[in-house]
Amino acid sequence: MAAAVTVVAVSIILSGTAVPPVAAATVEHTFVVSQVNMTHMCNEIPVTVVNGQLPGPTIEVTEGDTVIVHVVNKSPYNLTIHWGMVGEGPCSGGQNFSRGLYDEFSSGSTINGKLGDLFNCSGVFEDGYVLDVEPGKTYLLRIINAALFSEYFIKIAGHKFTVVAADANYVTPYTTDVIVIAPGETMDALVVADAAPGRYYIAAQPIQAPPPDTQTPEFATRGTLQYTGGVTNSSRADVVAPEMPHEHDTIKSFYFHGNLTGLRHRQRAGAGARRRASLRHARAGLHLPARPQVVQERDEPKSNQVIANMNNVSFHDATATPILEAHYYRRGGNGVVGTAGLPDHPPSAFNYTDPALIPFGPVEMRLEPTSRATVVRRFRHGDVVDIVFQSTAMLQGDSNPMHLHGHDMFVLAQGIGNYDAATDEAKFNLVNPARKNTVLVPNLGWAAIRFVADNPG
Ligand SMILES: *[C@@H]1O[C@H](CO)[C@@H](O)[C@H](O)[C@H]1NC(C)=O
Ligand SMILES: *[C@@H]1O[C@H](CO)[C@@H](O)[C@H](O)[C@H]1NC(C)=O
Ligand SMILES: *[C@@H]1O[C@H](CO)[C@@H](O)[C@H](O)[C@H]1NC(C)=O
Ligand SMILES: *[C@@H]1O[C@H](CO)[C@@H](O)[C@H](O)[C@H]1NC(C)=O
Ligand SMILES: *[C@@H]1O[C@H](CO)[C@@H](O)[C@H](O)[C@H]1NC(C)=O
Ligand SMILES: *[C@@H]1O[C@H](CO)[C@@H](O)[C@H](O)[C@H]1NC(C)=O
Ligand SMILES: *[C@@H]1O[C@H](CO)[C@@H](O)[C@H](O)[C@H]1NC(C)=O
Ligand SMILES: *[C@@H]1O[C@H](CO)[C@@H](O)[C@H](O)[C@H]1NC(C)=O
């Protein structure tokens with residue numbers, strides 16, 4: 001099983017076809033979750049699947065439809081199903097399961113579950129995903145990064161993408177030869193089949209922060225875009241390969257994400273007004289600088305582990321009492337699940353993105369003491385909340401995707417280095433920021449977001 005899975009789903013756009021308005025419908029599915037044995041990366045391993053399929057089934061809906069899904073759990077694990085544009089791989093409450101996936105393998109990549117011909121088991125090349133196209137047609141690719149860790153460059157030799165949506169929100173059409181996508185992000189892109197008929201690789205290349213960051217062997221994967229009627233030679237040598245960016249080219253990711261802006265005229269009237277209001281009237285908002293992804297000595301087991309924290313608080317698995325329940329009944333104690341708020345600011349300021357902090361040692365560790373807790377941050381309904389996510393150089397300078405459940409975030413600005421309100425607030429895009437549910441905090445940089453707390457829960 002590949003730890004990193006990139007899924008590309010494809011549908012054809014019939015040029016010039018207007019989509020008629022349709023009445024809201026109820027769409028009903030049954031998901032049977034089970035564990036099957038699959039061969040991946042030369043080993044047979046157990047995989048949790050929905051309805052026997054990997055990737056799982058597609059739910060096709062029109063905005064406004066009601067979706068009812070009956071979930072039958074026939075797997076040996078307690079599980080949750082995550083809804084909302086994100087492919088986080090098979091969700092599972094089982095610690096063993098997640099750990100097993102990581103340890104076996106940490107480095108394979110797939111497109112629609114297929115490893116592709118960069119990988120071979122005993123000399124036999126693996127199957128790759130094949131996208132058949134007809135010359136002259138335009139295709140809409142819906143790309144989901146379902147990987148656990150890796151951000152990817154995606155290219156198709158000889159073709160360009162026009163990115164039209166990200167995280168299910170329209171963006172100003174952006175034409176590029178490379179798509180950069182972080183775990184949990186989705187991109188919708190148009191590809192015109194306008195090259196010479198033949199075969200072209202669709203390649204996905206993992207990105208990682210350059211040394212002195214820890215380097216992990218990570219493998220690219222590729223599928224093929226092939227023109228109907230245009231393939232006269234089945235030799236692999238005949239497939240045109242794209243020139244991929246270097247795996248350390250993190251600035252390419254920074255620029256790609258910086259170039260995404262929201263498409264203004266396609267907002268529905270109500271949403272548009274709410275959006276304008278929330279963009280202009282941020283005075284009710286809170287600033288919540290937070291720093292993901294650092295390292296700490298963890299008290300149990302007695303060893304150093306990589307853990308993430310925000311403003312000195314790291315995650316505590318609150319399995320005993322669900323967070324909402326604990327909050328509602330004010331169950332606290334031992335800092336396990338508390339009603340204490342997540343602090344507004346990091347308790348101590350330091351040069352967060354100084355690369356000298358990357359070779360992590362005892363000096364750096366003292367900069368980031370961490371308490372484990374599940375803390376709650378309260379907002380009033382309608383509050384407009386600003387958060388600055390500041391990444392740090394501690395151990396890992398990798399970019400961090402931050403996901404907010406149940407809300408879209410306006411991406412106001414991003415930058416390299418340390419956020420400085422005095423100069424950076426002036427860079428906020430309050431005109432047409434991209435709306436995302438997963439925001440990439442750049443490698444050794446920051447991202448400022450704003451959201452409206454209008455979805456109680
Ligand atoms: C999967 O493989 C394991 C070990 O070989 C075996 O015990 C198990 O029965 C298999 N499961 C299925 C569903 O075939
Ligand atoms: C699943 O959850 C139930 C109820 O919380 C618990 O008793 C059981 O031990 C859990 N099973 C696993 C495999 O974690
Ligand atoms: C799950 O992990 C626990 C703790 O590491 C271990 O005791 C247990 O045997 C594991 N269970 C399975 C099914 O691997
Ligand atoms: C297949 O992979 C093995 C190593 O796993 C390598 O030695 C061999 O050259 C590869 N075969 C081909 C045809 O690339
Ligand atoms: C197919 O392409 C390969 C590599 O370009 C070439 O060596 C081979 O002769 C071609 N075969 C045919 C039947 O054209
Ligand atoms: C957009 O991308 C170009 C390079 O392709 C870069 O020069 C420019 O700074 C980017 N814009 C933003 C706002 O990041
Ligand atoms: C933070 O570290 C960087 C890299 O060493 C350095 O260029 C910058 O001046 C430092 N900033 C401050 C405020 O010390
Ligand atoms: C951060 O958390 C650690 C561990 O609980 C604690 O000792 C320390 O006092 C906290 N630092 C601040 C500034 O709150």
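When a ligand or atom number is given, it counts from 1 through the structure's own listing order.
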Quiz item: Between D408 and K436, is there a salt bridge with N-O shorter than 4.0 Å?
Solution: no

Quiz prompt | D177 and K155: CA distance, side-chain angles, deciding distance, salt bridge (Lys or Arg N to Asp or Glu O under 4.0 Å) verdict | solution = CA-CA 6 Å; D177 65 346; K155 284 185 88 165; 3.5 Å; yes

Quiz item: Is atom 14 (O) of ligand 7 in close reach of the protein, with a heavy atom under 4.0 Å away?
Solution: yes

Self-check item: R435/D167 under salt bridge (Lys or Arg N to Asp or Glu O under 4.0 Å): CA gap, chis, key distance, verdict
Solution: CA-CA 8 Å; R435 281 153 68 106; D167 293 354; over 6 Å; no

Quiz item: Protein heavy-atom contact under 4.0 Å for atom 11 (N) of ligand 7?
Solution: yes

Quiz item: Does P355 come within less than 4.0 Å of ligand 7, judged by its heavy atoms?
Solution: yes

Quiz item: If every non-hydrogen atom of T30 is compared with every non-hydrogen atom of V72, which pair is closest and at what distance?
Solution: CG2-CG2, 4.2 Å

Quiz item: Among V47, I45, N37, V36, whose heavy atom sits nearest atom 3 (C) of ligand 1?
Solution: N37

Quiz item: What is the closest protein heavy atom to atom 6 (C) of ligand 7, and at what distance does it sit?
Solution: N351 ND2, 4.2 Å

Quiz item: Within the side chain of S75, is there an N or O that forms a donor-acceptor pair under 3.5 Å with the backbone of Q35?
Solution: no

Quiz item: Do any nitrogen or oxygen atoms of N418 come within less than 3.5 Å of a nitrogen or oxygen of ligand 7?
Solution: no

Quiz prompt | atom 1 (C) of ligand 6: nearest protein contact (heavy atom, Å) | solution = N259 ND2, 1.6 Å

Practice problem: Run the numbers for me: atoms of ligand 7, each under 4.0 Å from some heavy atom of D354, listed by number. | Solution: 2 (O), 4 (C), 5 (O)

Practice problem: Using a cut-off of 6.0 Å, state whether more than 12 heavy atoms not belonging to E28 lie near its atom CD. | Solution: yes

